[in-house]
Amino acid sequence: MFDSDDDSPQLSAQALAALQEFYLEQQQKETSVVDKFSVGAIEEDWQLSQFWYSKETAERLAKEVISAAGKGGKIACISAPSIYQKLKELQNEDFSAFVLEYDRRFSVYGDEFVFYDYKNPLNLPEHFELNSFDIVVADPPYLSEECLSKTAQTVKFLTKGKILLCTGAVMEEQAAKLLGLKVCKFIPKHNRSLANEFRCYVNYESSLDS
């Protein structure tokens with residue numbers, strides 16, 4: 001409705017609803033890019049052992065892998081969607097990123113989403129060639145030798161060399177044994193307090209150790 005005067009032109013209820021829908025769609029388009037990739041845009045599912053990083057941790061880790069990948073680098077995020085989301089928020093840099101996830105809700109990320117089940121570690125798309133990623137960042141969903149061992153198979157297949165692993169402090173010995181990784185000084189934080197102490201592990205010179 002344009003005015004309350006009887007002789008003023010008025011929108012029908014149907015036209016008004018259509019106009020409101022148009023404005024809503026425009027608003028959603030303006031915010032969808034930011035919202036879609038915000039850490040926490042997809043809620044944690046504890047049944048899948050999902051615990052998102054704090055925004056500060058996600059940003060620190062994302063900037064680390066961008067630096068490690070280098071200009072035009074290719075990054076794989078295995079079971080680490082909050083790092084992938086932060087990477088996309090920082091997409092003014094020159095790199096490409098993929099998220100390998102069991103949770104199909106992340107298929108909203110289109111061709112950059114790859115369904116991944118650690119129990120079938122080498123069940124990967126054909127275009128994921130051997131040693132084709134400049135860095136692989138992984139956060140296995142479970143603190144078990146089996147989960148880390150199978151995830152490690154994927155990591156070793158994909159990476160050209162650089163690896164960033166985020167997992168429990170109790171997995172330090174296994175991280176060294178399976179992937180040759182050393183613990184960093186940087187301590188990752190999550191949005192929720194976890195019972196298990198977490199650490200980052202790398203096999204290259206990293207700012208996370210400064």
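Atoms considered below: every heavy atom in the structure, side chains included; atoms not considered: hydrogens, waters and symmetry mates.
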Separation between NZ of Lys182 and OG of Ser206, rounded to the nearest 0.5 Å: 13.0 Å
Strictly by side chain to side chain donor-acceptor pair (under 3.5 Å), give each pair with a member in residues 120-135 just once, sequence neighbours left out. Asp134-Lys160
dist Leu164:CG -> Leu61:CG (nearest 0.5 Å) comes out at 6.0 Å
Salt bridge check: are Glu64 and Arg60 linked by an N-O gap of less than 4.0 Å? no
Distance, nearest 0.5 Å, that separates CD1 of Ile135 from CZ of Phe95: 12.0 Å
Roughly how far, to the nearest 0.5 Å, is CD1 of Ile83 from CD1 of Ile78? 11.0 Å
Looking only at heavy atoms, the pair that brings Leu143 and Gly168 closest together is CD2-N, 3.3 Å
Would Asp117 and Lys119 satisfy salt bridge (Lys or Arg N to Asp or Glu O under 4.0 Å), going step by step from the backbone distance to the final call? CA-CA 5 Å; Asp117 184 349; Lys119 295 178 181 177; 5.8 Å; no
Side chain to side chain contact (heavy atoms under 4.5 Å, CB included) partners of Ile187, counting only residues at least two apart: Lys189, Arg199
Which pair of heavy atoms, one from Cys166 and one from Cys200, lies closest together, and at what distance? SG-SG, 3.7 Å
Among Pro141, Pro81, Ser107, find the residue that satisfies the side-chain contact (heavy atoms from CB on, under 4.5 Å) test when tested with Glu101. Pro81
Flag if over 12 foreign heavy atoms under 6.0 Å of CD, Glu145: no
Keeping the roles fixed (side chain from Thr154, backbone from Pro121), state whether a donor-acceptor pair exists under 3.5 Å. yes
Do Leu90 and Lys63 have side-chain heavy atoms sitting under 4.5 Å apart? yes
When you compare the side chains of Glu59 and Tyr53, does any donor N or O come within less than 3.5 Å of an acceptor on the partner? no
Test applied, side-chain contact (heavy atoms from CB on, under 4.5 Å); reference residue, Leu165; option that passes from Asp139, Val155, Leu148: Leu148
So, for Val183 and Asp209, which heavy atoms are closest and what is the spacing to 0.1 Å? O-OD1, 4.0 Å
Would you call Leu179 and Asn203 a side-chain contact if the rule is heavy atoms closer than 4.5 Å? no
When you compare the side chain of Leu130 with that of Phe157, does any pair of heavy atoms fall below 4.5 Å? yes
Excluding sequence neighbours, so at least two apart, what forms ring-ring contact (aromatic ring centres under 6.0 Å, His included) with Tyr204? none
Just by distance, with hydrogens left out, do Glu112 and Tyr84 show a side-chain donor and acceptor under 3.5 Å apart? yes
With under 30° as parallel and over 60° as perpendicular, where do the rings of Phe128 and Phe133 fit, or are they tilted in between? perpendicular
Among Val202, Ile163, Thr167, which residue satisfies the side-chain contact (heavy atoms from CB on, under 4.5 Å) criterion with Leu181? Ile163
To the nearest 0.5 Å, how far apart are CD in Glu146 and CD in Gln174? 12.0 Å
Thr151 versus Ser79: any side-chain heavy-atom pair under 4.5 Å? no
From CG (Leu208) to OG (Ser67), nearest 0.5 Å: 9.5 Å
What's the shortest heavy-atom distance between Cys147 and Tyr118, and which atoms? CA-CE1, 3.7 Å
So, Ser210 side chain and Ser207 main chain: donor-acceptor pair closer than 3.5 Å or not? yes
Heavy-atom pair with the smallest gap, counting every atom of Tyr109 and Gln85: OH-NE2, 3.0 Å
